[in-house]
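Just so it is clear, the structure is predicted and the values come from calculations on it, not from any experiment.
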Amino acid sequence: MSHVLITGANRGLGLEFARQYGQDNWSVIAVCRTNQENEELKALADEYDITIEVVDLGDFNAIDQLAAKYRNQPIDILINNAAVFGPKAKADGDLRQNFGTMDYDLWSDLLRVNMMAPFKLIEAFIDNIATSDEKKIAAVSATPGSITETDPGLNAYRTTKAGLNMAMATLATELKPQGISIAIFCPGWVKTRMGTDAAPLTSDVSINGMRTLISELDIESTGQFRRFNGETIPW
Ligand SMILES: NC(=O)c1ccc[n+]([C@@H]2O[C@H](COP(=O)([O-])OP(=O)(O)OC[C@H]3O[C@@H](n4cnc5c(N)ncnc54)[C@H](OP(=O)(O)O)[C@@H]3O)[C@@H](O)[C@H]2O)c1
């Protein structure tokens, strides 16, 4: 049986990853920030081989404790999906990630969850990945993390994703000799809490696309930044 670990699995794209891998008879470790607001995931766990784990990804000791619990358990795919968008200036008039009104504590929190925690998870679970059959990592990034996208605003979110991209591209090189491959994705603009109902895409389309790319991922294609539909995104 193949094993996948998914962060942010209680809603949005993470929940759809859990649903699709569960449907395909994978064993899923579904990581959630809290035990609240995860009823849909609990319902999926009644139907499929899904184990729910509660870890706030800002708590790196808790990540180590989770890894200790799964010591010697191969994990074929680690999906770093969870992230925080931060205040939305356009929708809510909240300017805390804009130039002139930046909230630096908030920026720091976003960097920890969106950029450092994915790196920390890979460090914590590297033996699980290295001893698996597939040896794959997927990072859900975002097009606003591309240096070619410099529309003003969203300074905190953008930099977390640009930093995530650099961390994952560097790790792709570092882990290549161990046969571990890494995919870096933009899922598209998707209807989720983060993407809002205004988004054109549904999560099943986005996740279908990313799962296809994960299945095609190999050591030759490691370290690429691609959209859910396979398009290459400039760094
Ligand atoms: N939707 C889009 O249009 C879009 C576009 C580009 C990129 N993305 C990326 O796609 C990924 C998934 O986003 P989404 O649209 O599914 O967003 P979402 O609906 O807001 O879900 C985000 C998930 O991350 C979890 N999370 C946040 N902080 C956490 C923490 N400290 N510890 C553990 N879990 C935490 C949330 O948990 P709670 O429910 O407990 O808060 C939630 O499960 C993100 O990396 C996002 O940046 C999304």
Side-chain angles (χ1 to χ4, degrees), residues 1-85 109-141 160 164 167-168 171 175 180 182-185 187 190 192-194 203 206-207 210-211 214:
M1 174 174 279
S2 302
H3 299 265
V4 59
L5 185 151
I6 302 161
T7 64
N10 61 308
R11 68 170 84 241
L13 293 167
L15 180 68
E16 185 61 22
F17 266 126
R19 185 194 321 278
Q20 292 195 14
Y21 279 111
Q23 268 169 353
D24 281 357
N25 295 317
W26 282 61
S27 176
V28 178
I29 304 167
V31 181
C32 307
R33 185 170 58 88
T34 72
N35 219 353
Q36 314 292 313
E37 296 186 36
N38 58 3
E39 290 73 20
E40 279 187 82
L41 181 62
K42 282 177 180 156
L44 283 184
D46 288 339
E47 214 174 331
Y48 306 120
D49 181 0
I50 295 178
T51 305
I52 300 174
E53 299 287 358
V54 174
V55 174
D56 186 323
L57 298 176
D59 180 350
F60 292 177
N61 288 329
I63 293 176
D64 282 333
Q65 283 165 19
L66 183 69
K69 181 173 171 183
Y70 284 94
R71 188 170 293 128
N72 300 326
Q73 162 70 66
I75 293 176
D76 293 274
I77 308 175
L78 169 64
I79 303 181
N80 275 313
N81 163 76
V84 193
F85 191 78
D109 289 346
L110 260 64
L111 283 164
R112 190 168 179 86
V113 173
N114 295 4
M115 182 187 75
M116 293 184 207
F119 192 94
K120 172 66 192 175
L121 275 149
I122 296 170
E123 271 196 318
F125 284 94
I126 192 64
D127 290 343
N128 308 74
I129 300 162
T131 53
S132 73
D133 291 335
E134 301 243 355
K135 300 182 178 55
K136 292 179 180 178
I137 296 165
V140 184
S141 183
T160 68
L164 174 69
M168 293 303 111
L171 274 186
L175 299 180
I180 296 171
I182 305 185
I184 305 150
F185 293 129
V190 188
T192 63
R193 178 182 62 182
M194 188 183 294
S203 56
S206 172
I207 297 304
M210 288 191 282
R211 287 186 65 228
I214 291 170

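- With sequence neighbours excluded, the residues forming a salt bridge (Lys or Arg N to Asp or Glu O under 4.0 Å) with E53 are K69, listed by chain and number.
- N81 CG to I6 CD1: the interatomic distance, rounded to the nearest 0.5 Å, is 8.0 Å.
- No more than 12 heavy atoms of other residues, nucleotides or ligands sit less than 6.0 Å from atom CD of Q36.
- Every residue meeting the side-chain hydrogen bond (donor to acceptor under 3.5 Å, both in side chains) condition with Q20, not counting sequence neighbours, appears here in chain and number order: E16, R211.
- Not counting sequence neighbours, F60 has no partner by the ring-ring contact (aromatic ring centres under 6.0 Å, His included) test.
- Residues that satisfy the side-chain hydrogen bond (donor to acceptor under 3.5 Å, both in side chains) test with S203, not counting sequence neighbours, are absent from this structure.
- Within the 4.5 Å cutoff, the side chain of K42 has heavy atoms near those of the N35 side chain.
- Not counting sequence neighbours, the partners of N114 by the side-chain hydrogen bond (donor to acceptor under 3.5 Å, both in side chains) test are T160.
- For residues 25-35, the set of pairs meeting the salt bridge (charged side-chain N to carboxylate O under 4.0 Å, His left out) definition, not counting sequence neighbours, is empty.
- The structure places CD1 of I214 at 5.5 Å from CD1 of I77, a figure rounded to the nearest 0.5 Å.
- Of the residues listed (I79, I75, T7), the one engaging I29 in a side chain to side chain contact (heavy atoms under 4.5 Å, CB included) is I75, and it is the only one.
- For residues 117-132, the salt bridge (charged side-chain N to carboxylate O under 4.0 Å, His left out) pairs, not counting sequence neighbours, are D64-K120.
- Here M116 contributes atom CE and L57 contributes atom CG; the two are 13.5 Å apart, rounded to the nearest 0.5 Å.
- Residues satisfying the salt bridge (Lys or Arg N to Asp or Glu O under 4.0 Å) criterion with E37, sequence neighbours excluded, are R11.
- Annotation: side chain of Y48 is not in contact with side chain of V28 (no heavy-atom distance under 4.5 Å).
- Few gaps surround OH on Y70; more than 12 heavy atoms of other groups in view lie less than 6.0 Å from it.
- In this structure, the side-chain contact (heavy atoms from CB on, under 4.5 Å) partners of E40, at least two apart in sequence or on a different chain, are L15, R19.
- Residues passing the side-chain hydrogen bond (donor to acceptor under 3.5 Å, both in side chains) test with D56: none are found, sequence neighbours excluded.
- Crowding of N72 atom CG: a count of heavy atoms from other residues, nucleotides or ligands under 6.0 Å not exceeding 12.
- Partners of A62 under the side-chain contact (heavy atoms from CB on, under 4.5 Å) rule, at least two apart in sequence or in another chain, are V55, D59.
- Taken to the nearest 0.5 Å, the OG1 atom of T131 stands 9.0 Å off from the CG atom of D76.
- Remark: Y21 engages W26 in a ring-ring contact (aromatic ring centres under 6.0 Å, His included) (not counting sequence neighbours).
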